[in-house]
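This report concerns only the one structure given below.
Being a predicted model, the structure only gives us computed values, none of them experimental.
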Amino acid sequence: MGNQPDIRAGRLPDSAYAENFGDVHPPLDRKAALVEASRCYFCYDAPCIEACPTGIDIPSFIRKISTDNVRGAAQDILEENILGGACARVCPTEVLCQQACVRTAQEGKPVQIGLLQRYATDAVMDSAVHPFTRAAPSGKRVAVVGAGPAGLACAHRLALRGHDVVILEARPKPGGLNEYGIAAYKVPDSFAQREVGFLLAIGGIEIRNGQALGRDFTLDDLRRDYDAVFLGMGLGGVRALGLEGEEMEGIYNAVDFIAELRQAADLKALAVGREVVVIGGGNTAIDIAVQSKRLGAEDVTLVYRRGPETMSATHHEQAFAQTDSVKIKHWAQPHSLAGEDGRLTAVTFEYTRLEGGRLVGTGETFTLPADMLFKAIGQTMGPPNLLRANGGSEGLEMAGERIAVDATRRSSLPDVWAGGDCIGISEDLTVAAVQDGKLAAEAIDAWLGGGAT
Amino acid sequence: MADLRCDIAGVKSPNPFWLASAPPTDKEYNVVRAFKAGWGGVVWKTLGEDPPIVNVSSRYGAMSYNGTRMAGFNNIELITDRPLEVNLREIKQVKRDWPDRAMVISLMVPCEEENWRAILARVEDTGADAVELNFGCPHGMSERGMGSAVGQVPEYIEMVTRWCKAHTRMPVFVKLTPNVTSVLGPARAAKAGGADAVSLINTINSIMSVDLDVMAPTPVVGGKGTHGGYCGPAVKPIAMHMVAEIARDPDCAGLPISGIGGIANWRDAAEFMTLGAGSVQVCTAAMHKGFKIVDDMIDGLGYWMDEKGYRSLDDFRAAAIPNVTDWQYLDMNYEIVAKIDQDLCIKCGLCHIACEDTSHQAIAAGKAEGARRYEVIDAECVGCNLCMHVCPVEGCITMVEVENGKGYMNWKEDPRNPLSRKAAE
């Protein structure tokens, strides 16, 4: 082939990085917020509320914005979703509240609920007042595994109910995917850490970073030392392509690279390929594709094995990537990897089609030159199964690769609840994880208050 | 296009759109700009006796509604604060330069015959077309026994009007205040005094808003506020009622009306005219958007008249008056019910909750094929129109007449009326 892989840092002028990774949707100012709020009809039994996984009373908070009662608006939001600030930024509103907005049906232009939610929550987070007060101490202690959205939401609600919470987080910082996994331009300016700080201000929550389940402690340890346990550690593993040469240089897990990018002190020092290929169809695939482009990659091609309608990235996200000059190719699956001297040089794909509902290769192929290949084809609980490692609880039932839970997010163990991506009963969204944490906390509170010993 | 020429009490103008006596008509510079923009006439801002009054700083208050600025507006300004001689000189010059435009001069002097006689003579000398007696201004001047202090006492209106008619050959318009329990007393008094026309409404007593930090009404003047005159789009319904009351009053028959109050476009103007207004006067809309708005008023009204086959303003003036009646003459047998166009419905539920919480529980909320569905319960619907008004989708909820085979029957004839039963016995 003869072409040397071209992976290097500093592809763009210094000033470009701040612009490329700054706020993708700038906040509304007061005037714009009032105009947008005035578009809300204050629907009865509003469809947007039903469409919100955390059930925020959206017409109510928007009406409060329209009367300059921003504190009341934020209270309405945060009572249902303590990570309302993050969700305002990362929720795929186009398939949730804003899709349900009656103005979508009426004129194709929903009320900008996400931006209004951000307007309200930003105002309260910027003020020094934490809007919630804890109930009287219960004397109970709950362990939460994972300081991501599910764990944080659970911890806050438990603290609100008077319980003391210890969060055990494997990474050096709390925040989960908001800190490590979401595109930088969606949550700039250390938003995830600011939100964690806001949330912890309720008191009664201790976070211990660098504590991984299965490595530093076991589920049995927690069940012994705490009154109840919430598992919200997400998915630690990444699926493999299963192709020969997958260990070559230039092949990355998208989640690892995004984490590196999110933690990078200086983005222009982060090396990126000239030709980048992304495999996958979810938000992680979109996020890595766009961020690669914004780091200065010349050509970024996202390849997905099925059609646009089955991509888990929304239509809006796909269009966003395309606006950033990411090329999306549908109906092709990875076929083989080519390299020189242990370094990736090209990826060959085989076209696919549906045959009787099954996806099959057509036998035709095409080859994309690639300096970098990002795998974004889904995550797993991870090898090794941390739950079982080093003395995990044997009675914990799994549903496939995830933890089995009931409607209250309780596992098969009476004192263990779980939520977020590690249960996977709802969509893999921040807002769904928050709802898991909230429901579990209420169930734990009821159980602890119900005379559990 | 239709002929928009206007003749009211002998005052002629190329169109019926006049600027009301107010800041836009305070001096030659503004008035010339207005005439260049196409306004048919002006009522020059109220002249008084020298020395000129002095205004305060901070003069206007406004009410925004749902992002719409100046849905309502008020002011605590007084009459012109320029010397009488300067105003008269400018009026004379403008009338000479713009002879086809209506030049009406608003006046306010103390309630003595000699004062009125003196100023009328000087105004007549300018060549102005008419005078308008400002008996309406509700703030400031009324504390000095002028403006609405006169307009609220029919005897004073009649007396001053009579003086003016005696001392000038110019047509006399009397501007009426709405700050009365019935406008008919003042209107009849004006007619009795010999008025050639009435202009209404002047502004309404109001407190625009309270500044919750300063704890004072707006506009705030050095920590305090006072009531001001309310105008703008929000007052139009009040003004139209008063215009119609005069237009259909037998005692006021034949009394020309210059309509004022919240007029911002040709449609507003047409509505006033169908209720009897000959010319219309505009202020707030011009203060909000500038003089250019008259362009739409002129061709909008003209095109509408063309469409309807009206060739002159007389063809539709007061055309709605025969249909303005008293409640007791409404048809008790007329029946309508709401109808929801399910294809247009966007499922906001506002019709349901408005009816359920505040009216007649006549719209059921249900589900059909998993989607929200709102259905009118005909038997419970009284035809109140509330659902139609709250529905954000144009044409989605309509009120449909129920053919009940019953003829016209008013309340006087209605057997349910205790008085009618008594009369029948």
Any heavy-atom pair between the side chains of B:Ile346 and A:Tyr41 that's under 4.5 Å?
yes

In terms of heavy-atom pairs under 4.5 Å with chain B, which of A:Ser38, A:Cys101, A:Ala37 leads?
A:Ser38

A:Arg71 CZ: over 12 foreign heavy atoms closer than 6.0 Å:
no

Do B:Arg372 and A:Glu50 touch side chain to side chain, with heavy atoms closer than 4.5 Å?
yes

Are more than 12 heavy atoms from other residues, nucleotides or ligands located less than 6.0 Å from atom NZ of B:Lys367?
yes

So with a 6.0 Å cut-off around CD of B:Glu401, is the heavy-atom count from everything else above 12?
yes

Using a 6.0 Å cut-off, check whether atom CZ of A:Arg410 has over 12 heavy atoms from anything other than its own residue.
yes

Does A:Arg63 CZ have over 12 foreign heavy atoms under 6.0 Å away?
no

Spacing of CZ belonging to A:Phe42 relative to CD1 belonging to B:Ile353, to within rounding of 0.5 Å
9.5 Å

Can you tell me how far apart CG (A:Asp45) and SG (B:Cys348) are? Round to the nearest 0.5 Å.
11.5 Å

Let's test your reading of the structure: which of B:Cys345, B:Ala365, B:Ala354, B:Gly349 forms the most heavy-atom pairs below 4.5 Å with chain A?
B:Gly349

Counting heavy-atom pairs under 4.5 angstrom with chain B, the leader among A:Pro59, A:Pro47, A:Ala46 is A:Pro47

If you count every heavy atom of other residues, nucleotides or ligands that lies below 6.0 Å from B:Lys339 atom NZ, does the total exceed 12?
no

Measure B:Tyr374 against the heavy atoms of chain A and call it side chain, backbone, both or neither at under 4.5 Å.
side chain

